[in-house]
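Here the structure is laid out as structure tokens; the discussion comes afterwards.
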Amino acid sequence: MLKFLIVEDEKPIADLIAMSLSGAGCRCVCESDGMAAADRIERETFDLILLDVMLPGLDGFSLMEYIRPREIPVIFLTARGSVSDRVRGLRAGADDYLVKPFEIIELQARVETVLRRYHKLEREIVTGGLTIDVQSRTVQRDGAIIPLTMKEYELLLLFARNPGIALYRETIYERVWESDWLGDSRTVDLHVQRLRRKVGWEDKIRAVYKVGYRYEP
Ligand code: CA
């Protein structure tokens, strides 16, 4: 499941975006303050960020400094008529922008285009000797299907989509189990161990001291 961050201080707009994107198999989290969003971006992984320009705490342009090294696609949300904001946003590394107010259908189309550009809507991921078919949710090695549980599959997908990135146990838990982390590191550790064995990634999913795990293809 893809995870989006919506950084927007106008709650009705944030809610509307979350509502219109959540249906399509994505999970949305919202932040209304720039500083809080920066903290979140440092700790969690996202597949896409929808970013308002004018925000309390830290504005959208400053937030781009946190986002750019992480290579997360960004769609800027700008006010009608502010051409300079749009240009500045694109120069700062945004992938696209939406002018408020926007139609839901336009939002969805732009999100889809940006995700496709980043291969987030891929049909197949080939990595670490595995072929992961995202449509049928099957995993193969040398032509043989490896049976995985739903959680193991989600866990594999998370690693496959974030190669080389140290993922916090907290992040892993929230992404795979889709609920709040209550400090239960055993669940994550056990599933990682099982996944490693099943797919033959014993040397590829590395433990990262005090953080969690990193997939090194
Ligand atoms: Ca705003």
Side-chain angles (χ1 to χ4, degrees), residues 1-121 158 161-162 165-168 170-181:
M1 180 171 285
L2 298 170
K3 186 177 165 191
F4 300 163
L5 174 65
I6 301 161
V7 189
E8 168 64 78
D9 58 328
E10 287 165 77
K11 200 171 179 300
I13 297 180
D15 288 347
L16 178 74
I17 297 173
M19 204 185 65
S20 47
L21 295 180
S22 292
C26 328
R27 192 175 147 232
C28 296
V29 293
C30 304
E31 285 293 348
S32 57
D33 177 273
M35 291 302 282
D39 284 346
R40 202 141 190 173
I41 292 160
E42 291 214 307
R43 287 201 63 90
E44 299 179 30
T45 62
F46 294 99
D47 297 299
L48 175 77
I49 299 177
L50 294 121
L51 186 58
D52 185 23
V53 176
M54 297 295 285
L55 291 163
L58 203 62
D59 71 15
F61 299 122
S62 309
L63 269 174
M64 280 305 293
E65 305 287 322
Y66 289 83
I67 300 168
R68 214 183 295 117
R70 292 174 169 75
E71 293 183 15
I72 305 169
V74 172
I75 297 178
F76 257 101
L77 307 170
T78 66
R80 185 191 287 279
S82 61
V83 178
S84 63
D85 275 3
R86 266 173 262 161
V87 172
R88 205 176 151 199
L90 292 172
R91 286 225 174 99
D95 295 274
D96 207 346
Y97 61 83
L98 263 168
V99 179
K100 293 189 271 190
F102 43 80
E103 299 286 330
I104 287 176
I105 193 163
E106 187 190 2
L107 165 74
Q108 289 167 337
R110 288 190 188 252
V111 165
E112 232 180 84
T113 307
V114 169
L115 289 176
R116 193 167 295 126
R117 202 182 300 151
Y118 276 75
H119 308 291
K120 300 270 186 189
L121 292 179
L158 181 64
R161 282 188 172 139
N162 295 282
I165 295 172
L167 300 170
Y168 283 87
E170 186 180 346
T171 302
I172 295 171
Y173 189 85
E174 286 179 0
R175 294 291 300 262
V176 174
W177 279 266
E178 288 171 34
S179 56
D180 288 338
W181 165 254

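Both counts, for ligands and for their atoms, begin at 1 and track the order of listing. Given the structure is predicted, the values throughout are model-derived calculations rather than measurements.
The distance from the Ca ion (ligand 1) to the nearest N/O/S atom of E8 is not under 3.0 Å.
Looking at D52, its N, O or S atom nearest to the Ca ion (ligand 1) turns out to be OD2. Residue D9 approaches the Ca ion (ligand 1) most closely through its N/O/S atom OD1.
Separation of atoms CZ (R27) and CZ (F46) is listed at 8.5 Å; rounding is to 0.5 Å.
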Hey, can you pull the donor-acceptor pairs under 3.5 Å for the side chains in residues 102-109, sequence neighbours left out?
residue : atom : partner : partner atom : Å
E106    : OE2  : R110    : NE           : 3.1
E106    : OE2  : R110    : NH2          : 3.1
Q108    : NE2  : S20     : O            : 2.9

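Nearest heavy-atom pair, Y118 versus P73, reported as atom, atom and distance to 0.1 Å: CE1-CB, 3.5 Å.
Aromatic ring pairs are classed by plane angle as parallel below 30°, tilted from 30° to 60° and perpendicular above 60°; the pair F61 and F76 is tilted.
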